[in-house]
Amino acid sequence: MPTIKSLFLVLAALLLPFVTVAQQRPKPTPPPQKGQRIELLPGTRELVGGTFNGVEIRKLLGNVSFKQENTFLYCDSAYQYLDRNAIEAFSNVRIVDNDTITITGDRGTYDGDTRKARMTGNVTMRDPRMTLTTQVLDYDLSKNLAYYSTGGHLVDPENTLDSQYGYYNTTSKVFSFKRNVHLVTKENDITTDTLQYNTVAKIAYFLGPTRIKGKQGSIYAENGTYNTITKVSNFQRNAKIETPSYLLGGDKLVYDEVRQYGVATGHVSMTSKKDNVVLRGDVGKYWRALGRTKVYGSSPVMRNISDGDTLYLAADTLISVENRGPKTTAGILYAFPKVKIFRKDLQGRCDSLTYDRQDSIIYLNKKPVLWADKNQLTADSMELRQRKGKIDQMRLYANSFIAGEDTLLNYNQVKGRNMVAYFVDNKIKKVNVLGNAESLYFALDGDTALTGMNRAVSANMTLRFAANKLQTISYLTNADASFIPPHELKADDRRLKDFSWRPKERPTRRLVLGKHFALPVKAKPKPKAKPKSKTTTAKPKVVKRAAPASKSAPAKPAPARPAPKAR
C-alpha cells in the first residue's frame with residue numbers, strides 16, 4: 001500500500017510540467033492607461049451625434065468648450081471622439097492650462113488619455129513671461145513640454161528669439177532652441193546653433209558656435225552662458241572678443257559689458273590690428289574703456305612682424321595700451337620683469353622695457369644687454385630705434401660698453417659715458433662714443449696671428465665698422481693712444497675696467513618663444529626602401545690617386561689684414 005510520502009512525490013511529478021509552463025508564460029501587457037474623461041461644458045449651441053466612417057463622434061457647433069482636470073479647450077466647432085477620449089477642434093481654438101499657459105491657433109487636436117495637444121495655423125503660446133508664435137506646436141501636458149519644428153518666434157519684455165526647432169518646459173520656464181538660433185537683446189545681436197534660455201533668470205546657455213555682436217565689438221565662443229540682465233558672458237572653448245582695434249581670445253572668457261572688462265584664460269592671444277602685434281600667454285585681462293590689455297602667466301610673448309622681420313619679446317607681464325588718437329595710430333607696450341628679446345639679427349635682456357609702437361622706439365631699462373652678431377652692448381639704459389622694421393640706431397646711456405670677440409678669442413672693447421650706434425641693414429656701421437671714451441683693439445694679421453693691441457683714451461671718439469668688424473677709430477679730442485706688441489701684453493692690459501663677457505645669457509629663439517609660439521615639429525622623412533640588387537658580375541673600378549705634393553713646395557701665405565687706422 002503506498003505511503004503518504006510516495007503519493008506526494010507522484011502528485012509533484014504530475015504537476016511539475018504545468019508549473020513550469022505557467023512560469024514561462026509571459027505576463028499579459030497591461031491595458032493603456034486612460035486619462036480622465038473629457039467633459040463637455042454647457043453652452044454649445046448645437047450638438048449632432050452619429051457615426052461617421054465607422055467612428056462614433058459628436059459634432060459640436062458654436063461656443064464649444066471642454067474641460068479635463070485643470071485644462072480647458074475652447075473653439076467654434078469640434079469633433080468629440082467618444083471611443084478614444086479625443087477632441088478635434090476648428091476655428092479660434094484656445095487651450096488654457098492651469099490659468100498660466102494659453103495656446104491659440106486655427107486648428108487643434110487633443111488626446112485626453114495621453115494628454116497631448118497639437119495646434120496648427122497661426123499658433124501663439126503665452127505665459128506671464130513670454131509670447132511664442134509658430135505654425136505648428138505640440139504640447140505634452142503630462143510632461144509640461146511644448147515643442148515646434150517649423151520655426152518659431154519668441155518675445156519677452158527684453159529680448160526676441162527665432163529658431164527652427166524649439167522646446168519649452170512650462171514648469172522650469174526653460175526654452176531649448178536648435179538650428180539657426182537668433183537672439184536679439186537691447187544691446188546685442190546673438191547667433192548660434194544650439195541655445196537654452198531661462199525665461200525667469202534671463203540667462204542664455206550656448207552649446208555650439210556662437211557670436212554676440214554689440215555696438216562696441218563682438219564675442220565668439222563655442223560653449224558658455226550669457227546673462228541678458230547683467231550683460232555678463234561666461235564662455236568656453238575657443239572664446240574671442242573682437243573690437244575694431246583688438247582681438248582677445250582664450251580657452252575660457254568672462255566679459256562684463258557694463259564694466260567693459262574681460263578675463264581670458266588658457267592659450268590667451270591678443271592681436272593689435274593696427275600694427276600686426278600679437279601677445280600670447282596663460283591669462284589675459286582687458287579693460288575696453290581704458291584700451292588696456294594685460295597678459296601674464298608662463299612668460300608671455302609678443303610677436304611683431306614688420307617688413308618681413310619678426311621681433312619676439314618675452315617677460316613675466318606684458319601690458320598693451322591702445323592709443324586713443326586716430327584709428328591708424330599704434331599704441332604702447334610695457335614688459336616687465338625678466339625681459340628677453342629675440343630677432344634673427346639681435347638678442348637682448350633687461351629688467352623692464354617700453355615699446356612705443358607709434359615711433360618704433362624700444363626703451364630698455366635697468367642695465368640692459370644686447371647682442372648683435374659678435375658684438376655685446378651694455379649700459380644703464382638704452383634706446384633701440386627702428387625704421388621700416390629694421391634697426392636704425394642704438395642709444396646707450398651711462399656706463400656704456402661695447403665688446404666684440406675676434407677669431408682668436410680676443411675681446412675688442414669700447415667704453416664711455418654715452419654712445420650712439422648707427423646701423424645699415426641691421427649691421428653696425430658707426431659708433432659715436434661721447435664722454436670718457438676708451439678703446440682697446442687687437443690687431444690681427446689675416447685673422448690668424450696677433451700683431452699687437454691698440455689702446456686709446458679720448459674725450460670722444462668715432463668707430464667705423466665693415467661686415468661687423470672694426471675698421472677705423474677716430475679720436476676727436478685729447479687723444480692718448482698707444483700700441484702694445486704681443487710679447488709685452490699682460491693679462492691686465494687685455495681688459496678695460498668693468499668688462500664682462502656674458503654669452504651664456506644670450507637668449508635663444510626657443511627660450512624666448514617658449515610654448516606660446518612653439519615651432520611646428522617637422523615629421524621625419526620615411527627612409528626610402530632600398531631596391532633589390534640584381535646579381536651581376538661587377539667590373540673592378542680603377543681609382544687614380546693624386547701624386548703627393550712636393551715637400552719643398554712652399555705654402556701660400558694668408559693675405560695680411562691691416563690694423564685699424566687711427567685718425
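Residue numbers count from 1 along this sequence. Side chains are part of it too, since the values below use all heavy atoms of this structure and drop only hydrogens, waters and symmetry mates. These numbers come from a predicted model, not from an experiment.
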Q) If you measure from the Lys or Arg side-chain nitrogens to the Asp or Glu carboxylate oxygens, is any gap between Lys490 and Asp492 under 4.0 Å? A) no
**Q.** Rounded distance (nearest 0.5 Å) linking atom CD of Gln196 with atom OG1 of Thr225
**A.** 11.5 Å
Q) Thinking salt bridges, do Lys202 and Glu158 make one under a 4.0 Å N-O criterion? A) yes
Q) With side chains defined as the heavy atoms from C-beta onward, is the minimum distance between Phe465 and Lys429 less than 4.5 Å? A) no
Q | Check: Ser381 side chain, Asn365 main-chain N or O, donor-acceptor pair, under 3.5 Å | A | no
Q | Residue pair Leu253 / Ala239: nearest heavy atoms and the distance that separates them | A | CB-CB, 3.4 Å
Q | From CG (Asn399) to NZ (Lys497), nearest 0.5 Å | A | 10.0 Å
Q: Mark yes when over 12 heavy atoms from residues, nucleotides or ligands other than Arg179 sit less than 6.0 Å from its CZ; otherwise mark no.
A: no
Q: Measure from NZ or CZ of Lys427 to the centre of the six-membered ring of Phe423, then state whether that distance is under 6.0 Å and the direction lies within 45° of the axis.
A: no
Q) For Thr451 and Asp445, does a side-chain donor sit closer than 3.5 Å to a side-chain acceptor? A) no
Q: Please tell me if the side chains of Val181 and Thr194 come closer than 4.5 Å, counting only heavy atoms from C-beta onward.
A: no
Q: Show your working on ring pair (Phe, Tyr, Trp, His ring centres under 6.0 Å) between Phe235 and Phe206 and close with a plain yes or no.
A: CA-CA 8 Å; Phe235 280 142; Phe206 304 99; 5.6 Å; yes
(Q) Tell me the closest heavy-atom pair linking Ser163 and Phe177, and the distance in Å. (A) OG-CD2, 3.1 Å
Q: Output yes when a side-chain donor or acceptor of Asn412 lies under 3.5 Å from a complementary backbone atom of Phe442, and no otherwise.
A: yes
Q) Is the side chain of Asn188 donor-acceptor paired with the backbone N or O of Ile190 at a distance under 3.5 Å, no angle test? A) no
Q) In Å, rounded to the nearest 0.5 Å, how long is the span from CG of Asn276 to CZ of Arg303? A) 7.0 Å
**Q.** Close side-chain approach of Glu488 to Pro485, heavy-atom, < 4.5 Å
**A.** yes
Q. Is the count of non-hydrogen atoms from other residues, nucleotides or ligands lying under 6.0 Å from Lys240 atom NZ greater than 12?
A. yes
(Q) Do the side chains of Lys273 and Glu242 get close enough for a salt bridge, i.e. N-O under 4.0 angstrom? (A) yes
Q.
Using side chain to side chain contact (heavy atoms under 4.5 Å, CB included), reason through Lys285 and Thr293 one step at a time and then give a plain yes or no.
A. CA-CA 6 Å; Lys285 295 184 178 181; Thr293 303; over 6 Å; no
Q.
Closer than 4.0 angstrom, basic N to acidic O: yes or no for Asp380 and Arg417?
A. no
Q: Please step through salt bridge (Lys or Arg N to Asp or Glu O under 4.0 Å) for the pair Asp256 and Lys231, ending with a clear verdict.
A: CA-CA 6 Å; Asp256 187 331; Lys231 306 296 187 296; over 6 Å; no
**Q.** Backbone N/O of Leu207 and side chain of Thr210: donor-acceptor pair under 3.5 Å
**A.** no
Q. Do Leu370 and Met394 have side chains that get closer than 4.5 Å, going by heavy atoms?
A. yes
Q: Flag the pair Phe336 / Tyr334 as yes when their ring centroid distance falls below 6.0 Å, and as no otherwise.
A: no
(Q) Tell me if the CZ atom of Arg292 is crowded by more than 12 foreign heavy atoms within 6.0 Å. (A) no
Q: Check the pair Arg506, Gln347 against side chain to side chain donor-acceptor pair (under 3.5 Å), reporting the backbone distance first and the verdict last.
A: CA-CA 7 Å; Arg506 191 170 189 169; Gln347 300 82 44; 2.8 Å; yes
Q.
Please report the interatomic distance CZ(Arg280) to OG(Ser298), rounded to the nearest 0.5 Å.
A. 14.5 Å
Q. Quick one: does Arg349's side chain have a donor or acceptor within less than 3.5 Å of a partner on Glu505's backbone?
A. yes
Q) Do NZ/NE/NH1/NH2 and the carboxylate oxygens of Arg237 and Asp251 come within less than 4.0 Å? A) no
Q | Distance (rounded to the nearest 0.5 Å) between Met461 CE and Tyr475 OH | A | 5.5 Å
Q: Begin with the C-alpha distance, continue with both residues' side-chain angles, and end with the deciding distance and a verdict on side chain to side chain contact (heavy atoms under 4.5 Å, CB included) for Ile341 and Leu353.
A: CA-CA 10 Å; Ile341 300 171; Leu353 176 150; 3.7 Å; yes
Q: Check whether any side-chain heavy atom of Asn304 sits under 4.5 Å from a side-chain heavy atom of Leu313, and report yes or no.
A: no
Q.
Any side-chain to backbone donor/acceptor pair from Thr185 onto Glu187? Under 3.5 Å, distance only.
A. yes
Q | Side-chain (Thr228) to main-chain (Ile203) donor-acceptor, under 3.5 angstrom | A | no
Q: Please report the shortest heavy-atom distance between Val295 and Pro300, naming the atom on each side.
A: O-CG, 3.5 Å
Q) Hey, does Ile362 have a side-chain heavy atom less than 4.5 Å from the side chain of Thr354? A) no
Q: Rounded to the nearest 0.5 Å, what's the gap from CZ on Arg510 to CZ on Phe517? Could you check?
A: 15.5 Å
Q) Regarding Lys178 and the six-membered ring of Tyr165, is the cationic atom NZ or CZ under 6.0 Å from the ring centre and inside 45° of its axis? A) no
**Q.** Verdict with supporting geometry, Tyr296 and Leu279, side chain to side chain contact (heavy atoms under 4.5 Å, CB included)
**A.** CA-CA 10 Å; Tyr296 57 96; Leu279 307 183; over 6 Å; no
Q.
For Glu257 and Tyr226, which I'm curious about, is there any donor-acceptor pair between the side chains at under 3.5 Å?
A. yes
Q. Can you check salt bridge (Lys or Arg N to Asp or Glu O under 4.0 Å) on Lys515 and Asp282, steps first, answer last?
A. CA-CA 10 Å; Lys515 66 178 183 180; Asp282 289 342; 3.3 Å; yes
Q: Please report the closest heavy-atom contact between Tyr286 and Leu248, naming both atoms and the distance.
A: CB-CD2, 3.3 Å
Q: Using the side chain to side chain contact (heavy atoms under 4.5 Å, CB included) rule, take Asp162 and Asn180 through it: C-alpha gap first, then chi angles, then the decisive distance, then the call.
A: CA-CA 8 Å; Asp162 294 272; Asn180 301 325; over 6 Å; no
Q) Does the side chain of Tyr255 come within less than 4.5 Å of Ile219's, by heavy atoms? A) yes
Q.
Is it true that, when you exclude His267 itself, more than 12 heavy atoms of the residues, nucleotides or ligands shown sit nearer than 6.0 Å to its NE2?
A. no
Q: Can you see which heavy atom on Asn227 is nearest to which on Ala201, and at what distance?
A: OD1-O, 4.3 Å
Q: Would you confirm whether Ser272, through its side chain, and Val277, through its main-chain N or O, come within 3.5 Å as a donor-acceptor pair?
A: no
Q) So do the side chains of Arg343 and Asn426 get within less than 4.5 Å of each other, counting heavy atoms only? A) yes
Q.
Quick check against the 3.5 Å criterion: does Asn460 have a side-chain atom that pairs as donor or acceptor with the backbone of Gly435?
A. yes
Q) Quick one: do the Asn159 and Tyr197 side chains pair a donor with an acceptor below 3.5 Å? A) yes
Q. Quick check: does any side chain N or O of Gln376 sit under 3.5 Å from a backbone N or O of Ser500, one acting as donor and the other as acceptor?
A. yes
Q: With sequence neighbours left out, write down each residue that passes side chain to side chain contact (heavy atoms under 4.5 Å, CB included) with Leu496, or none if nothing qualifies.
A: Phe401, Gln413, Lys415, Glu438, Leu440, Arg455
Q: Taking all heavy atoms of Val301 and all of His516, pick out the closest pair and write down the distance.
A: CG2-CD2, 4.0 Å
